[in-house]
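Here is the structure we will look at.
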Amino acid sequence: MSENQAATKSHAETEQSLEPRQPVVADSEQRARLSDLAERLGEAVQVKRGVVGKIETMQRARQAAQADADAAREKWREKLREGDGTLTREVQKLRVAERSALSLAEEYGSFEEEIAKDVPRVELEAVDLASKCISLRSAVIQEAAQQLYDETLMEVTDSLALAFEVFCRAENSGLPAAQKNTVDELAGPFFWRINRHICRHLDDAQVDDQVDAYLALPQLDLRDVDMEIVRSPARREMLRKEFGSNAA
């Protein structure tokens with residue numbers, strides 16, 4: 001075989017090895033449950049964002065009302081000083097405006113506190129679902145890895161056995177019987193060469209794309225989930241107690 005033929009064959013084998021595989025079986029119980037949990041997680045995160053958004057809106061409104069009250073108070077005090085303490089109609093209007101703004105700020109603060117009581121509940125729901133999703137996603141990946149390993153092993157066992165037998169004969173060729181290497185001794189260098197060949201392709205973008213396509217995992221919306229709480233069962237338990245006290 002010429003070098004050009006060998007190169008062509010090697011390229012063809014590489015292209016064939018990178019043929020996209022069918023996604024892992026999508027109807028397994030674990031995958032179905034993961035899809036359901038991922039959807040519920042997305043909904044829980046949206047609820048949390050809504051609650052946090054309402055709190056931020058009330059905070060801005062309270063701060064704006066407080067600023068209006070401060071400005072009105074500063075104005076009526078200035079007018080009072082300019083008028084040598086005379087309580088003019090303008091001063092009275094400014095004082096009424098101050099009281100109105102303060103009352104409004106107090107109301108916004110009350111709404112803010114009321115909404116904030118719901119934070120432990122929505123936070124707990126989001127982190128619980130995130131924890132379950134992450135754990136189940138790991139189980140699904142392990143399931144897929146085992147499935148693909150078994151399928152691949154069935155496909156290549158005969159070829160590997162043939163290649164290994166030829167390798168063993170080549171290594172022992174011409175050696176006296178007493179000096180011939182055993183199968184166990186030759187397995188190390190043979191599979192080490194295979195390992196090196198595989199590892200050279202692990203960082204290929206095409207391989208990463210194929211892995212994602214094969215696993216076909218649902219996206220987990222974790223952007224607004226407190227991962228510190230997710231990783232800490234103790235903090236989740238504290239959150240449950242806080243939620244329980246607020247609910248009571």
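Remember, predicted model here, so these are calculated numbers, not experimental data. The figures here come from the full heavy-atom set of this structure, side chains too, leaving out hydrogens, waters and symmetry mates.
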Determine all donor-acceptor pairs shorter than 3.5 Å in which one atom belongs to a side chain in residues 46-64; sequence neighbours excluded.
| unit_1 | atom_1 | unit_2 | atom_2 | d |
| --- | --- | --- | --- | --- |
| Lys48 | NZ | Glu123 | OE1 | 3.2 |
| Lys48 | NZ | Glu123 | OE2 | 2.9 |
| Lys48 | NZ | Asp224 | O | 2.5 |
| Arg49 | NE | Asp224 | OD2 | 2.3 |
| Arg49 | NH1 | Asp221 | OD2 | 3.3 |
| Arg49 | NH2 | Asp221 | OD1 | 3.1 |
| Arg49 | NH2 | Asp221 | OD2 | 3.3 |
| Arg49 | NH2 | Asp224 | OD2 | 3.1 |
| Thr57 | OG1 | Gly53 | O | 2.9 |
| Thr57 | OG1 | Arg60 | NH2 | 3.4 |
| Gln59 | NE2 | Glu112 | OE2 | 3.2 |
| Arg62 | NE | Glu112 | OE1 | 3.0 |
| Arg62 | NH2 | Glu112 | OE1 | 3.4 |

Show your working on salt bridge (Lys or Arg N to Asp or Glu O under 4.0 Å) between Arg240 and Asp128 and close with a plain yes or no. CA-CA 10 Å; Arg240 285 191 184 89; Asp128 272 346; 3.0 Å; yes
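- Applying the salt bridge (charged side-chain N to carboxylate O under 4.0 Å, His left out) test to pairs two or more places apart or on separate chains, none has a residue in residues 189-200.
- Going from atom CD of Glu113 over to atom CD1 of Ile115 covers 11.0 Å, rounded to the nearest 0.5 Å.
- Every residue meeting the side-chain hydrogen bond (donor to acceptor under 3.5 Å, both in side chains) condition with Asp70, not counting sequence neighbours, appears here in chain and number order: Gln66.
- Among residues at least two apart or in separate chains, salt bridge (charged side-chain N to carboxylate O under 4.0 Å, His left out) pairs with a member in residues 163-179 are Glu165-Arg169.
- With sequence neighbours excluded, the residues that form a side chain to side chain contact (heavy atoms under 4.5 Å, CB included) with Asn172 are Leu175, Lys180, Asn181, Leu186.
- Taking the side-chain hydrogen bond (donor to acceptor under 3.5 Å, both in side chains) definition, one finds that Arg40 meets it with nothing, sequence neighbours left out.
- Sorted by first and then second residue, the ring pair (Phe, Tyr, Trp, His ring centres under 6.0 Å) pairs involving residues 116-173 (not counting sequence neighbours) are Phe164-Phe190, Phe164-Phe191, Phe167-Phe190.
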Could you go through Leu217 and Arg31, starting from their C-alpha distance and side-chain angles, then the distance that decides it, and tell me whether this counts as side chain to side chain contact (heavy atoms under 4.5 Å, CB included)? CA-CA 8 Å; Leu217 296 171; Arg31 290 182 67 82; 4.0 Å; yes
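- Once rounded to the nearest 0.5 Å, the distance linking CZ of Arg33 with CG of Leu37 reads 5.0 Å.
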Full working for side chain to side chain contact (heavy atoms under 4.5 Å, CB included) between Asp208 and Asp204: CA-CA 7 Å; Asp208 288 339; Asp204 291 352; over 6 Å; no
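- With sequence neighbours left out, Ser159 forms a side chain to side chain contact (heavy atoms under 4.5 Å, CB included) with no residue at all.
- His197 contributes atom NE2, which lies 9.0 Å from atom CD1 of Ile194 (distance to the nearest 0.5 angstrom).
- Residues Ala126 and Val225 approach most closely at O-CG1, 4.3 Å, considering heavy atoms.
- In this view, Gln146 and Asp150 satisfy the side-chain hydrogen bond (donor to acceptor under 3.5 Å, both in side chains) rule, not counting sequence neighbours.
- Rounding to the nearest 0.5 Å gives a distance of 13.5 Å between CZ of Arg121 and CD of Glu242.
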Quick one: side chains of residues 84-111, donor-acceptor pairs under 3.5 Å with protein atoms, not counting sequence neighbours, listed by atom name and distance.
| unit_1 | atom_1 | unit_2 | atom_2 | d |
| --- | --- | --- | --- | --- |
| Thr86 | OG1 | Gly83 | O | 2.8 |
| Thr88 | OG1 | Val91 | N | 3.2 |
| Glu98 | OE1 | Trp76 | NE1 | 2.7 |

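- Residues that satisfy the side chain to side chain contact (heavy atoms under 4.5 Å, CB included) test with Ser131, not counting sequence neighbours, are Val230, Arg236.
- Taking the charged nitrogens against the carboxylate oxygens, Lys117 and Glu114 have no contact shorter than 4.0 Å, which rules out a salt bridge.
- Scanning for side chain to side chain contact (heavy atoms under 4.5 Å, CB included) contacts around Glu74 gives Arg81, with sequence neighbours left out.
- Between the CG atom of Asp68 and the CZ atom of Arg73 there is a distance of 15.0 Å, given to the nearest 0.5 Å.
- For Met227, the CE atom is densely surrounded, since the number of other residues' heavy atoms within 6.0 Å is greater than 12.
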